[in-house]
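Structure first, then comments.
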Amino acid sequence: MGKREELIEKYADDLRNKCGMAPDMDLLTKVTIGCGPAIYDADAETVAASQPGELETVKNNFLVKKLGLSDGPELMEAINAVIETYGQSERNKYRAVVYYMLTKHFGKEHVYG
């Protein structure tokens, strides 16, 4: 099993055990691939949920640019809901897992079609 497959398994485990949801492995794989080399970088592979600037980056670079959503307060509300689902106290909130949950939240799976 390659490094990417190992990471996808780790992300699926987080979705099952920390977020209480059964992952769509096909979508999770596509979201993970969409994260590019960030998943291999210890700093970039996680979302620093306590840093407002990081959440703005998720909103602007992922929700607006990647998913094509219009900017509005509902975007930050969705990010906060996903962080809450993942667990505020959870130290490592993996970017691919956060992006996966946001993609599902907004029903934008077709972006990865």
Side-chain angles (χ1 to χ4, degrees):
M1 184 168 15
K3 180 71 172 155
R4 184 169 69 200
E5 289 77 22
E6 289 174 21
L7 289 171
I8 290 168
E9 256 325 298
K10 180 166 59 171
Y11 303 152
D13 187 62
D14 268 19
L15 283 164
R16 282 186 209 99
N17 299 315
K18 295 177 182 170
C19 305
M21 53 182 62
D24 171 341
M25 293 306 290
D26 186 48
L27 179 63
L28 181 58
T29 299
K30 290 175 181 174
V31 170
T32 302
I33 292 168
C35 288
I39 63 170
Y40 305 111
D41 180 278
D43 186 46
E45 78 168 340
T46 58
V47 173
S50 60
Q51 298 176 1
E54 173 81 355
L55 300 181
E56 278 295 317
T57 300
V58 169
K59 182 181 82 169
N60 294 325
N61 292 354
F62 183 70
L63 295 178
V64 175
K65 290 180 183 167
K66 177 71 179 176
L67 297 186
L69 298 168
S70 299
D71 194 358
E74 67 281 355
L75 299 187
M76 201 52 83
E77 289 167 14
I79 292 169
N80 289 327
V82 162
I83 298 300
E84 192 64 40
T85 299
Y86 211 142
Q88 287 286 359
S89 62
E90 184 55 45
R91 190 164 157 16
N92 291 322
K93 293 175 186 69
Y94 294 108
R95 186 169 305 280
V97 175
V98 170
Y99 286 8
Y100 171 90
M101 288 196 288
L102 287 167
T103 301
K104 295 289 266 183
H105 176 88
F106 286 107
K108 290 289 194 172
E109 294 89 341
H110 68 275
V111 170
Y112 291 97

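Just so you know, these numbers come straight off a predicted model, no measurement behind them. Keep in mind that the numbers below use all heavy atoms, side chains included, and drop hydrogens, waters and symmetry copies.
- Taking NZ from K108 and CG from L27, the interatomic distance works out to 13.5 Å, rounded to the nearest 0.5 Å.
- For the atom pair N92 CG and K18 NZ, the distance stands at 7.0 Å (nearest 0.5 Å).
- To the nearest 0.5 Å, atoms CG (N61) and NZ (K66) are separated by 12.0 Å.
- Residue pairs meeting the side chain to side chain donor-acceptor pair (under 3.5 Å) criterion with at least one member in residues 19-36, sequence neighbours excluded: D26-K30.
- To the nearest 0.5 Å, atom CD1 of residue I33 and atom CG of residue L28 are 10.0 Å apart.
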Derivation and outcome, side-chain contact (heavy atoms from CB on, under 4.5 Å), residues M21 and K104: CA-CA 11 Å; M21 53 182 62; K104 295 289 266 183; 5.9 Å; no

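- If you run side-chain contact (heavy atoms from CB on, under 4.5 Å) between I39 and each of K10, R95, R4, only R4 comes through.
- The side chain to side chain donor-acceptor pair (under 3.5 Å) analysis of residues 71-83, with sequence neighbours excluded, yields the pairs K59-D71.
- For the atom pair CD1 of I83 and CG of L55, the computed distance is 6.0 Å after rounding to the nearest 0.5 Å.
- Looking at I8 and M25, their side chains come closer than 4.5 Å, going by heavy atoms from C-beta outward.
- Residues in residues 66-91 take part in no ring pair (Phe, Tyr, Trp, His ring centres under 6.0 Å) pair, two or more places apart or across chains.
- A distance of 6.0 Å separates CD in E9 from CE in M1, rounded to the nearest 0.5 Å.
- Contacts classified as ring pair (Phe, Tyr, Trp, His ring centres under 6.0 Å) and involving residues 16-70 (residues at least two apart or in different chains) are given here: F62-Y99.
- In this view, Y94 and Y11 satisfy the ring pair (Phe, Tyr, Trp, His ring centres under 6.0 Å) rule, not counting sequence neighbours.
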CA sep, side-chain torsions, deciding dist, call: I79, L63, side-chain contact (heavy atoms from CB on, under 4.5 Å): CA-CA 9 Å; I79 292 169; L63 295 178; 3.8 Å; yes

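- Each salt bridge (Lys or Arg N to Asp or Glu O under 4.0 Å) pair with one or both residues in residues 35-45, not counting sequence neighbours, would appear here, but there are none.
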